[in-house]
Each structure stands twice: as structure tokens, then as C-alpha cells.
Amino acid sequence: MQEPLLGAEGPDYDTFPEKPPPSPGDRARVGTLQNKRVFLATFAAVLGNFSFGYALVYTSPVIPALERSLDPDLHLTKSQASWFGSVFTLGAAAGGLSAMILNDLLGRKLSIMFSAVPSAAGYALMAGAHGLWMLLLGRTLTGFAGGLTAACIPVYVSEIAPPGVRGALGATPQLMAVFGSLSLYALGLLLPWRWLAVAGEAPVLIMILLLSFMPNSPRFLLSRGRDEEALRALAWLRGTDVDVHWEFEQIQDNVRRQSSRVSWAEARAPHVCRPITVALLMRLLQQLTGITPILVYLQSIFDSTAVLLPPKDDAAIVGAVRLLSVLIAALTMDLAGRKVLLFVSGYAMGWGPITWLLMSEVLPLRARGVASGLCVLASWLTAFVLTKSFLPVVSTFGLQVPFFFFAAICLVSLVFTGCCVPETKGRSLEQIESFFRTGRRSFLR
């Protein structure tokens with residue numbers, strides 16, 4: 001049986017601190033109304049995930065349209081279509097690599113805002129494309145923005161959210177990405193492919209506007225020695241009627257113990273490498289389930305099957321089901337726990353939202369920026385291999401072969417969840433980190 005984190009004693013965590021935590025009555029005041037500013041800041045940030053989800057599946061209605069195009073400069077062959085679908089993931093891998101630097105250099109919020117530049121430029125290129133190179137470059141730039149936000153937004157959300165709602169808010173990046181995909185499928189029923197790219201500019205501009213008024217992560221500010229700004233940020237996020245000094249002192253103490261960056265020698269220590277390994281393997285398994293090539297080529301997949309409805313309608317239905325599933329996950333994650341949903345649910349309720357959340361929860365603070373970028377980099381390189389090879393494999397062996405492979409990976413994921421994934425429901429980030437630091441192996445059972 002997994003041992004409770006609150007029972008873990010050691011030099012890095014005091015079960016009975018000299019200054020007691022707030023009473024249940026005090027904590028009860030931090031309800032939905034008190035968290036409304038956290039919700040606003042989270043919404044501003046996850047608009048980047050909306051744009052990411054929208055851009056990821058942009059090719060689903062566009063590839064069939066360009067394969068039928070009479071313009072010789074825009075007509076796509078099967079080989080060109082595979083590049084158009086997969087080059088997004090190369091851009092995302094580059095974005096994840098850049099996040100390893102930008103996450104700690106600029107901070108979480110500014111890194112998210114920076115992603116708007118390649119995103120807006122990419123949509124503009126695709127909207128005005130007159131040749132394949134403009135489509136590929138636009139796709140790469142939107143992928144870069146998506147990879148950057150995929151690494152930065154979950155970290156930002158986890159660092160501003162209180163433990164009681166961190167599970168629900170941690171699901172919002174995936175929720176908004178799915179909503180972005182659904183919006184693309186729905187607009188694909190109404191708009192031509194150029195106007196789909198124009199419509200993609202709107203959430204990017206709104207994100208920049210809203211984030212301009214949001215605070216940076218208090219943990220990041222403390223790591224840069226900006227203590228007063230961090231206290232103001234935390235007080236703004238929690239509300240004027242909440243005493244944040246106890247929480248601030250807990251965060252400050254944790255940051256002080258980890259003020260320096262992790263060296264390569266320290267990275268081999270179990271309390272650092274174990275959570276990084278868990279997060280990295282979860283991201284790899286998430287991609288190996290085949291979700292990216294399925295979404296990128298969703299309409300083409302339906303074109304090759306004997307479905308009753310038009311492929312565009314089928315794609316929109318899939319998007320709606322995914323959105324409903326992620327919404328259920330967001331509402332139940334803090335009640336049922338992360339591992340339960342990973343075991344009993346499908347991708348949209350389990351491995352989709354929970355993988356993003358757990359990555360931001362288990363990574364140690366000193367390595368969080370670099371490690372999250374590494375996870376995203378590995379994830380999207382895997383996605384590129386799958387997405388680039390999907391159409392050739394289907395053409396050679398049939399649609400059933402890749403889907404049998406994806407099913408086998410799902411079985412491996414169940415075993416990995418049972419053996420290696422810790423339950424983090426209701427724990428603060430400091431408690432989770434102290435749990436790994438104790439050296440106990442109960443989280444592996």
C-alpha cells in the first residue's frame with residue numbers, strides 16, 4: 001500500500017512545523033470565489049493550449065482539400081501530405097528545446113507570451129500560402145509555438161494553483177487543447193482552409209492581451225530573488241481576504257533550499273532522476289498511444305473507412321467526445337485521484353490531461369524548467385516519427401497495423417501506471433518533492 005506523503009519525515013520536510021498550517025476553517029475560506037483570480041490567470045495562459053490544439057489538427061480538413069486542389073503549386077501528393085502533417089511535430093520539438101532555456105530565463109509567463117510571435121507568423125504564412133514551402137514553414141512555426149506552450153503552461157498553472165484545485169486546473173491545458181481541436185473541426189465545416197488559418201490568429205491575440213495583466217509565478221519570482229514581487233503576486237492570486245504568509249513562507253523555504261541549478265552529478269541522485277524519469281516515460285507513452293497521427297490525419301482516416309456520416313462530421317463528433325471526456329476528468333481528478341483515471345479511462349479522460357498535470361507536479365523545482373522542456377522535446381520527436389511514418393505504413397500494410405501497435409502500447413501504459421506513477425492528489429508541490437527526496441520506494445509499489 002502506498003504510504004501517505006504527510007507521514008514522510010526527513011531533513012527536507014517537517015511533519016510538525018513550528019508554525020502550524022492554517023486551520024480547516026481558514027482553508028475553507030479559499031473556495032471558488034477566493035480562487036477566481038487563479039482561474040482568470042489560468043484561463044489567460046491556457047489560451048495558448050487552445051491555439052496549440054487548433055494548430056495541431058489544422059491539417060485534418062486541409063490535407064483532403066489540397067489533395068483535390070487544381071493549383072499545381074498547392075496540390076499535395078501523399079509524400080508531401082505526410083510532411084505537411086508531421087513537420088508540426090518537429091517545430092514542437094524545437095519549441096520544447098527552447099523551453100529548457102526560456103522557462104528559467106524569461107519565466108513561465110513571458111515564455112508563454114513569447115510563443116505568440118511564431119504562432120501569429122505561422123498562421124499568416126499559411127493563410128497567404130502560394131506554395132508548399134509557405135505551408136511547411138507556417139506549420140513549423142505554429143508547431144514551435146505549441147511545443148513552447150506545452151512545456152511552459154502546465155508549469156505556470158501548477159505553480160499558481162493551490163493544492164485543492166490544482167488537479168482541476170491542471171487538466172485545463174488539455175481541456176483547452178481539445179476545445180481548440182473541436183473548434184477547428186467545427187469551423188472546417190464552414191470555412192475554406194485559408195480562413196481557418198486567419199481564424200487561428202484570434203486566440204493568440206486574446207492570450208497576449210490577458211496575460212499582460214496577470215502576475216508571474218511566485219515560485220519563479222522567489223527563485224530570482226524578487227521576494228516582494230512574489231508576495232504581491234501570491235496575494236493577488238489568493239485574494240485580499242486570505243492570509244498568504246504561511247503559504248509564502250513554505251514556498252520561500254523550498255526555493256531557498258534549491259536556489260542553485262541542478263548539476264549533472266546531482267541529476268543522477270534518486271530524488272532528482274526518479275521524478276524526471278517518471279515524467280519523461282509518461283510523455284513518451286502518451287505519444288506512443290498514437291494520438292498525434294490519429295488527430296492529424298483524422299479526416300483522412302475516416303475517408304478510408306466505411307462510415308455512414310461524412311468524414312468532416314465524424315471528425316467533429318470525435319472532437320466533441322474528447323472535449324466532454326476531458327471536462328469529466330477535470331471535474332473528477334481531485335476526487336478520484338490521478339492513478340484511478342489513468343487505469344479506468346481512455347486517452348481523453350486519463351493519459352491526455354493527467355500526463356500534462358503529473359509532469360508539472362512531480363518535476364523538482366530546481367530542474368523544472370529544463371526537465372519540462374526535455375520531456376516535451378522527447379515527446380514531440382516521438383510524435384514526428386509516428387506522424388511521418390503513419391501514412392506510408394497504412395499504404396503498405398493497411399490501417400489495422402498501426403492501430404494494433406497503439407493497442408499494445410496502451411497495455412504497457414497500464415503496467416507502467418501501476419508500478420511507477422505516484423498518487424499526487426491533494427498534496428502541495430513541496431510535499432510531493434519531499435516525498436521523492438526521502439528515498440522511499442513506496443511510490444513504485
Side-chain angles (χ1 to χ4, degrees), residues 45-60 62-63 82-103 108 111-123 125-126 135-156 173-174 176-178 180-181 184 197 200 203-204 207 279-280 282-298 347 351-353 355-356 359-360 369-390:
V46 297
L47 282 172
N49 291 105
F50 178 96
S51 182
F52 163 72
Y54 187 97
L56 174 64
V57 301
Y58 176 76
T59 53
S60 179
V62 174
I63 285 179
S82 70
W83 277 109
F84 187 41
S86 61
V87 75
F88 178 93
T89 58
L90 283 183
L97 185 63
S98 68
M100 297 171 66
I101 301 174
L102 295 178
N103 229 346
R108 290 52 157 144
S111 295
I112 299 169
M113 295 177 71
F114 175 76
S115 72
V117 177
S119 184
Y123 282 126
L125 279 170
M126 290 187 290
L135 292 172
L136 295 179
L137 180 57
R139 192 88 172 116
T140 303
L141 288 174
T142 54
F144 180 90
L148 182 58
T149 57
C152 299
I153 293 176
V155 175
Y156 177 75
Q174 180 71 8
M176 288 298 283
V178 171
S181 298
L184 186 280
V204 178
M207 179 191 73
L280 181 61
M282 286 199 72
R283 293 307 302 267
L284 290 176
L285 289 171
Q286 180 195 50
Q287 286 295 347
L288 289 171
T289 60
I291 187 63
T292 299
I294 290 173
L295 294 178
V296 167
Y297 303 121
L298 187 57
Y347 179 89
W351 279 82
T355 300
W356 294 68
M359 181 189 77
S360 61
V370 173
S372 63
L374 176 63
C375 289
V376 172
L377 172 64
S379 172
W380 288 111
L381 287 177
T382 305
F384 170 73
V385 174
L386 292 173
T387 309
K388 183 67 180 70
S389 61
F390 184 81

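Note that the numbering runs from 1 along the sequence shown for the chain.
- Between Thr292 and Thr89 the shortest heavy-atom distance is CG2-CG2, 4.0 Å.
- In terms of the side chain to side chain contact (heavy atoms under 4.5 Å, CB included) criterion, residue partners of Thr382 (sequence neighbours excluded) are, by chain and number, Leu284, Gln287, Leu288, Leu386.
- Judged by distance alone, with hydrogens and angles left aside, the side-chain atoms of Ser51 form no donor-acceptor pair with the main-chain N or O of Pro203 at under 3.5 Å.
- Residue Met126 holds its CE atom at 8.0 Å from CG of Leu135, rounded to the nearest 0.5 Å.
- Here Ser119 contributes atom OG and Tyr54 contributes atom OH; the two are 11.0 Å apart, rounded to the nearest 0.5 Å.
- Side chains of Leu56 and Phe88 form a contact here, defined as non-hydrogen atoms less than 4.5 Å apart.
- Residues Gly200 and Tyr123 share a closest heavy-atom pair of O-CE1, 3.3 Å.
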Please set out all donor-acceptor pairs under 3.5 angstrom arising from side-chain atoms of residues 90-100, sequence neighbours excluded.
| unit_1 | atom_1 | unit_2 | atom_2 | d |
| --- | --- | --- | --- | --- |
| Ser98 | OG | Gly95 | O | 2.8 |

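- Shown here for Gly85 and Tyr297, the closest heavy-atom pair between the two residues is CA-OH, 3.9 Å.
- By the side-chain hydrogen bond (donor to acceptor under 3.5 Å, both in side chains) test, Ser181 pairs with no residue at all, sequence neighbours left out.
- Note that CZ of Phe144 is 14.0 Å distant from CH2 of Trp380, once rounded to the nearest 0.5 Å.
- Taking each heavy atom of Gly146 and Thr149 in turn, the nearest pair found is O-OG1, 2.9 Å.
- Here the closest non-hydrogen pair linking Lys388 and Ser82 is NZ-OG, 3.1 Å.
- Between the CZ atom of Phe84 and the OG1 atom of Thr387 there is a distance of 13.5 Å, given to the nearest 0.5 Å.
- In this structure, the side chains of Leu102 and Leu148 come closer than 4.5 Å at one or more pairs of heavy atoms.
- In this structure, OG on Ser115 lies 12.0 Å from CG on Leu141, to the nearest 0.5 angstrom.
- A distance of 4.0 Å separates CG of Asn103 from SG of Cys152, quoted to the nearest 0.5 Å.
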Item to complete: Check the pair Ile112, Met207 against side-chain contact (heavy atoms from CB on, under 4.5 Å), reporting the backbone distance first and the verdict last.
Response: CA-CA 9 Å; Ile112 299 169; Met207 179 191 73; 3.9 Å; yes
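- Checking side-chain atoms of Ser60 against main-chain N and O of Val57 turns up no donor-acceptor pair under 3.5 Å.
- By the 4.5 Å heavy-atom criterion applied to side chains, Trp351 and Met282 are counted as neighbours.
- Between the side chain of Arg139 and the backbone N or O of Ala55 there is at least one donor-acceptor pair closer than 3.5 Å.
- Closest approach of Leu47 to Met176, counting heavy atoms only: CD2-CE, 3.9 Å.
- Thr142 has its side chain out of reach of Tyr58: every pair of non-hydrogen atoms, C-beta onward, lies at least 4.5 Å apart.
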